[in-house]
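As structure tokens, the structure follows; a few thoughts come after it.
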Amino acid sequence: MKLPQIGDWTDYAGLARLQQDRLPAVLAAAERSPFYRERGVGPLPEQPLTTKQDLRDAYPFGMLATGRADLATYHESSGSSGDATASYYTEADWTDLAERFARKWVGITAADTMMVRTPYALMITGHLAHAAARRHGATVVPADNRSLATPYSRVVRLLHDLGVTLTWSLPTDTLLWAAAARVAGYRDFPSLRALFVGGEPLGAARKARIGRVWGVPVVEEYGATETGSLAGECRHGTMHLWADRAVFEVQDPATGELTPAGRGRLVVTPLFREAMPLLRYAIEDEVEVSYAQCPCGWHLPAVRVLGRTAFAAGDLTQLGLEELVFGLPDEYGVWFWRARADGDRLRVQIEVADRWRADAAGALTAAIRDAYPGIDAHVAPVPAGGLVPFGLLTARAEVMKPRGLFAAGEDWDTALRYY
């Protein structure tokens with residue numbers, strides 16, 4: 001199966017033809033799935049949405065369109081919006097997955113050392129970056145962010161000592177590394193050339209701040225365990241949907257109408273999926289999609305990911321609030337924050353050095369009240385270490401292995417922590 005490559009089409013009309021040519025095979029694959037066979041498969045515009053609840057109800061293999069022997073991997077989502085959903089991929093699916101992830105404008109080469117700092121677990125994220133890096137010959141440092149074996153102190157040592165050139169992580173992690181590096185006394189990371197980030201909404205202000213902190217490009221990725229990578233950045237900073245590998249639609253949450261562009265909830269139909277075809281999968285993320293021309297010449301729709309609608313309180317979204325936090329002057333050093341909405345009242349905490357406490361709190365309070373006039377904002381500054389404890393940044397690696405016998409003076413409670 002030949003997969004499309006950027007440049008195989010020259011305009012949006014060519015992209016649409018590519019999608020239409022592929023859809024018959026997609027619908028035929030879906031008919032081999034118990035779920036779609038029972039539901040019935042017709043032309044895509046007539047197909048009802050496939051929801052996360054549908055995937056949960058079909059657990060574990062109700063969506064499977066191939067034999068079990070054809071599967072390469074099984075995964076489950078993080079469950080951030082409810083119970084986890086199952087997904088599975090063949091070897092051919094993995095070729096598509098890895099190719100999409102590797103569509104980074106900075107490139108991945110055999111000369112790179114890439115730290116993968118996302119879970120190596122049931123979620124796809126760590127395995128996906130690892131596979132993409134290896135396909136391009138890069139050395140992989142598998143620094144799972146959910147393992148006691150790689151605390152932040154070890155991450156920054158590896159970044160520095162191994163000459164890591166590329167990283168893959170949550171955007172928040174990059175600021176935690178910077179804080180840990182500062183505590184540990186690391187001044188520079190001369191080999192680093194780009195930070196690949198994804199997994200959470202990232203506004204322009206925070207992205208720019210991360211880039212200034214590290215002095216390298218921050219390259220954003222968007223996707224899900226159920227689908228793999230769905231979008232990535234071009235060199236002009238536009239996030240493009242991989243519309244040569246999937247059909248994308250936007251659902252108006254008020255009317256339910258599906259359109260190719262606009263603001264609403266993203267709906268995706270993968271075009272090259274063997275194990276688990278998905279027809280009009282409602283991914284539940286709030287997005288803005290447009291077909292404006294981009295100087296990069298990719299002729300792929302642009303997308304802004306606004307986050308899960310469940311995280312919004314009226315017009316106030318996490319992304320909107322984040323933009324205000326990271327719009328504060330760099331010298332205030334505000335990297336970490338949290339907020340809690342309670343009706344029209346918003347309580348915000350920011351971690352800030354004593355010398356900037358009053359300035360930072362006052363500026364952020366004013367910014368929130370200007371942006372959201374109906375919200376009564378209260379900003380409380382907390383000292384360094386108040387939100388991200390220093391102990392988290394300096395903790396030593398703890399590799400938990402079963403152990404029952406301890407010497408005098410050793411902490412034998414560690415045996416209980418293993419269990």
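Arg263 places a side-chain heavy atom less than 4.5 Å from the side chain of Glu286. With a 4.5 Å cut-off on side-chain heavy atoms, Phe35 and Leu64 do not count as touching. Residues Leu241 and Leu300 are not in side-chain contact: their nearest non-hydrogen atoms beyond the backbone lie 4.5 Å or more apart. Residues Tyr89 and Leu71 are not in side-chain contact: their nearest non-hydrogen atoms beyond the backbone lie 4.5 Å or more apart. Counting heavy atoms from C-beta outward, Val183 and Ser153 have side chains that stay 4.5 Å or more apart. Residues Trp337 and Glu351 are not in side-chain contact: their nearest non-hydrogen atoms beyond the backbone lie 4.5 Å or more apart. Side chains of Leu192 and Thr167 form a contact here, defined as non-hydrogen atoms less than 4.5 Å apart. At least one side-chain heavy atom of Leu346 sits under 4.5 Å from a side-chain heavy atom of Val348.
Under the side chain to side chain contact (heavy atoms under 4.5 Å, CB included) criterion, Thr118 pairs with Val116, Thr125, Trp168, sequence neighbours left out. In this structure, the ring-ring contact (aromatic ring centres under 6.0 Å, His included) partners of Phe189, at least two apart in sequence or on a different chain, are His160, Trp214. Considering only residues two or more places apart in sequence or on other chains, Thr365 meets the side chain to side chain contact (heavy atoms under 4.5 Å, CB included) condition with Arg369, Val379. Legend: residues meeting salt bridge (charged side-chain N to carboxylate O under 4.0 Å, His left out) with Arg134, ordered by chain and number and at least two apart, are absent. Under the side chain to side chain contact (heavy atoms under 4.5 Å, CB included) criterion, Asp359 pairs with Tyr332, Trp356, not counting sequence neighbours. Taking the side chain to side chain contact (heavy atoms under 4.5 Å, CB included) definition, one finds that Thr238 meets it with Cys234, His240, Cys294, Ala302, sequence neighbours left out. Residues satisfying the salt bridge (charged side-chain N to carboxylate O under 4.0 Å, His left out) criterion with Arg182, sequence neighbours excluded, are absent altogether. Checked against ring-ring contact (aromatic ring centres under 6.0 Å, His included), Phe390 has no partners two or more places apart in sequence or in another chain. When the ring-ring contact (aromatic ring centres under 6.0 Å, His included) test is applied to Trp177, no partner is found at least two apart in sequence or on another chain.
We find that Glu200 and Arg206 are joined by a salt bridge, their nearest charged nitrogen and carboxylate oxygen being less than 4.0 Å apart. Under 4.0 Å is where a charged nitrogen must lie from a carboxylate oxygen, and between Arg209 and Asp330 at least one such pair does. A salt bridge links Arg103 with Asp244: the distance from a Lys NZ or Arg NE/NH1/NH2 to an Asp or Glu carboxylate oxygen falls below 4.0 Å. Ion pair Lys207/Glu233 flagged as a salt bridge, since at least one NZ, NE, NH1 or NH2 atom sits closer than 4.0 Å to an Asp/Glu carboxylate oxygen.
Identified under the salt bridge (charged side-chain N to carboxylate O under 4.0 Å, His left out) test for residues 161-177, with sequence neighbours left out: Arg117-Asp173. The stretch residues 14-32 participates, sequence neighbours left out, in no side-chain hydrogen bond (donor to acceptor under 3.5 Å, both in side chains) pair at all.
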**Report entry** side chain to side chain contact (heavy atoms under 4.5 Å, CB included) between Asp285 and Arg265, intermediate numbers included
**Finding:** CA-CA 5 Å; Asp285 283 333; Arg265 295 172 183 167; over 6 Å; no
Query raised in the report: When you look at Glu226 and Ser87, which way does the side-chain hydrogen bond (donor to acceptor under 3.5 Å, both in side chains) test go after all the steps?
Result: CA-CA 5 Å; Glu226 305 96 305; Ser87 58; over 6 Å; no
Report task. Begin from the C-alpha positions of Met63 and Leu55 and carry the test side chain to side chain contact (heavy atoms under 4.5 Å, CB included) through to its verdict. Result -> CA-CA 7 Å; Met63 307 295 296; Leu55 269 57; 4.1 Å; yes
Report task. With side chain to side chain contact (heavy atoms under 4.5 Å, CB included) as the test, would you mind laying out the steps for Arg340 and Arg345 before giving the verdict? Result -> CA-CA 8 Å; Arg340 177 181 290 159; Arg345 181 183 174 90; over 6 Å; no
Requested in this report: For Arg245 and Leu3, run side chain to side chain contact (heavy atoms under 4.5 Å, CB included): C-alpha distance rounded to whole Å, both residues' side-chain angles, the deciding distance at 0.1 Å, then the answer.
Outcome: CA-CA 8 Å; Arg245 303 290 178 91; Leu3 296 168; 3.6 Å; yes
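Summarising the geometry, atom CD belonging to Gln349 is positioned 13.5 Å from atom NE2 belonging to His378; distances are rounded to the nearest 0.5 Å. Distance check, rounded to the nearest 0.5 Å: CZ of Arg273 to CG of Leu278 gives 5.0 Å. Rounding to the nearest 0.5 Å places CD1 of Ile108 at 9.5 Å from OG1 of Thr165. Taking CD of Glu284 as the start and CD of Gln251 as the end, the distance is 10.0 Å to the nearest 0.5 Å. Separation of atoms CG (Asp70) and CD (Glu274) is listed at 7.5 Å; rounding is to 0.5 Å. Considering OH of Tyr152 and CG of Leu392, their distance stands at 5.5 Å, rounded to 0.5 Å.
What you find for His299 and Trp9 is that their closest heavy atoms are O-NE1, 3.1 Å. Closest approach of Phe326 and Trp335 over heavy atoms only: CZ-O, 3.3 Å. Residues Gln47 and Arg39 come closest through the heavy atom pair NE2-CD, 3.9 Å. Nearest approach of Pro171 to Ile210, heavy atoms of both residues: O-CD1, 3.7 Å. The shortest heavy-atom contact between Trp105 and Pro217 is CZ2-CB, 3.9 Å. The shortest heavy-atom contact between Pro4 and Phe272 is CD-CZ, 3.3 Å.
Tyr88 and Phe61 have tilted rings, their planes meeting at an angle from 30° to 60° on a 0 to 90° scale. Below 30°, between 30° and 60°, or above 60°: for Tyr291 and Tyr12 the angle between ring planes is above 60°, a perpendicular geometry.
Remark: of the listed residues Asp96, Leu128, Ile124, Leu128 is the sole one forming a side chain to side chain contact (heavy atoms under 4.5 Å, CB included) with Phe101.
Residue Arg212 places its CZ atom among more than 12 non-hydrogen atoms of other residues, nucleotides or ligands, all under 6.0 Å distant. Counted within 6.0 Å of CD on Glu331, heavy atoms from surrounding residues, nucleotides or ligands total more than 12; the atom is thus considered enclosed. When the shell of 6.0 Å around CG of Asp344 is examined, it contains 12 or fewer heavy atoms from other residues, nucleotides or ligands. Atom CZ of Arg338 has 12 or fewer heavy atoms from other residues, nucleotides or ligands within 6.0 Å. Other residues, nucleotides and ligands place no more than 12 heavy atoms under 6.0 Å from the CD atom of Glu38.
Note: Trp242 and Trp298 meet the aromatic proximity criterion, with ring centroids under 6.0 Å apart.
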Side-chain donor-acceptor distances from residues 254-261 under 3.5 Å, at least two apart:
from, atom 1, to, atom 2, distance (Å)
Thr255, OG1, Glu257, N, 3.2
Thr259, OG1, Ala261, O, 2.8

